[in-house]
Amino acid sequence: MNAISLETRLSLLTRGFLFFEQMMKDMYHHMAFSSKDKMKEIFCLLSDAGNVPALIPYTGGKDRTGFVTAIIQLFLGGHYESVMMDYLYSNERMGPKMKKNREIHSINEPVPNSTRTH
């Protein structure tokens with residue numbers, strides 16, 4: 001069995017983190033700038049008093065649902081710092097789980113033969 005060197009392992013974790021970070025940036029950019037029609041639809045639905053209170057279903061609640069909820073709170077006059085603190089709180093709750101998942105997936109990714117030590 002081939003062992004993975006510490007240097008290779010650290011490189012893979014770093015690349016995995018950088019890929020994950022870029023993926024998240026791309027997702028947030030898409031939510032902000034490519035989902036105008038969906039955001040318009042949400043605000044139109046919420047502007048009708050017959051549709052409130054409203055329930056926003058979600059899977060994890062952190063990204064898309066949290067983004068939409070934060071935009072609604074800001075639109076209704078919520079203080080930016082307070083909205084951001086609430087939104088980012090999920091990082092504290094989800095951070096350890098996400099880090100563990102990222103480490104597991106990074107370590108279990110196939111490694112090119114040229115980076116393995118014998």
Side-chain angles (χ1 to χ4, degrees):
M1 180 169 179
N2 295 330
I4 300 173
S5 71
L6 179 59
E7 181 179 303
T8 300
R9 186 176 230 148
L10 290 173
S11 174
L12 288 170
L13 288 172
T14 302
R15 281 188 280 164
F17 176 75
L18 294 176
F19 173 75
F20 180 77
E21 183 179 19
Q22 185 60 49
M23 182 182 73
M24 294 304 292
K25 285 179 182 179
D26 292 346
M27 182 182 72
Y28 278 94
H29 185 271
H30 175 76
M31 286 190 299
F33 298 104
S34 300
S35 302
K36 294 175 197 169
D37 291 338
K38 286 291 182 189
M39 293 300 290
K40 181 180 177 181
E41 182 181 349
I42 291 167
F43 277 95
C44 286
L45 286 169
L46 293 176
S47 68
D48 182 344
N51 292 330
V52 291
L55 174 67
I56 303 174
Y58 62 92
T59 301
K62 182 184 179 314
D63 298 306
R64 289 172 296 209
T65 304
F67 177 79
V68 169
T69 302
I71 296 296
I72 292 168
Q73 290 174 331
L74 292 170
F75 181 76
L76 294 174
H79 295 284
Y80 179 80
E81 292 81 12
S82 178
V83 171
M84 286 302 293
M85 282 178 51
D86 285 348
Y87 180 77
L88 294 173
Y89 179 67
S90 63
N91 288 341
E92 291 178 37
R93 303 292 297 163
M94 296 292 291
K97 182 179 179 182
M98 302 263 310
K99 180 180 178 186
K100 182 177 179 181
N101 286 341
R102 203 168 45 238
E103 288 171 355
I104 289 169
H105 293 294
S106 293
I107 290 170
N108 291 329
E109 288 178 1
V111 179
N113 287 335
S114 62
T115 61
R116 292 186 187 263
T117 60
H118 299 284

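Values below: every heavy atom of this structure, side chains too, minus hydrogens, waters and symmetry copies. Residue numbers run from 1 in the order of the sequence given. Fair warning: this is a prediction, and the values are worked out from it, not measured in the lab.
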Hydrophobic clusters here meaning ILVMFWY residues chained together by side-chain heavy-atom distances under 4.5 Å, can you tell me if [X] and [Y] are in one?
X   : Y   : result
M84 : L74 : yes
F75 : M85 : no
I56 : Y28 : yes
I71 : L45 : no

Atom CG of D37 with >12 non-hydrogen neighbours under 6.0 angstrom: no
Spatial distance of atom CZ (F67) from atom CE (M39) [nearest 0.5 Å]: 5.5 Å
Interatomic distance, S35 atom OG to H29 atom NE2 [nearest 0.5 angstrom]: 11.0 Å
Contacts of L46 that satisfy side chain to side chain contact (heavy atoms under 4.5 Å, CB included) - sequence neighbours left out: I42, V52, A54, I72
Pairs touching residues 41-51 that satisfy salt bridge (charged side-chain N to carboxylate O under 4.0 Å, His left out), sequence neighbours left out: K38-E41
Heavy-atom donor-acceptor pair, T69 side chain to G66 backbone, under 3.5 Å: no
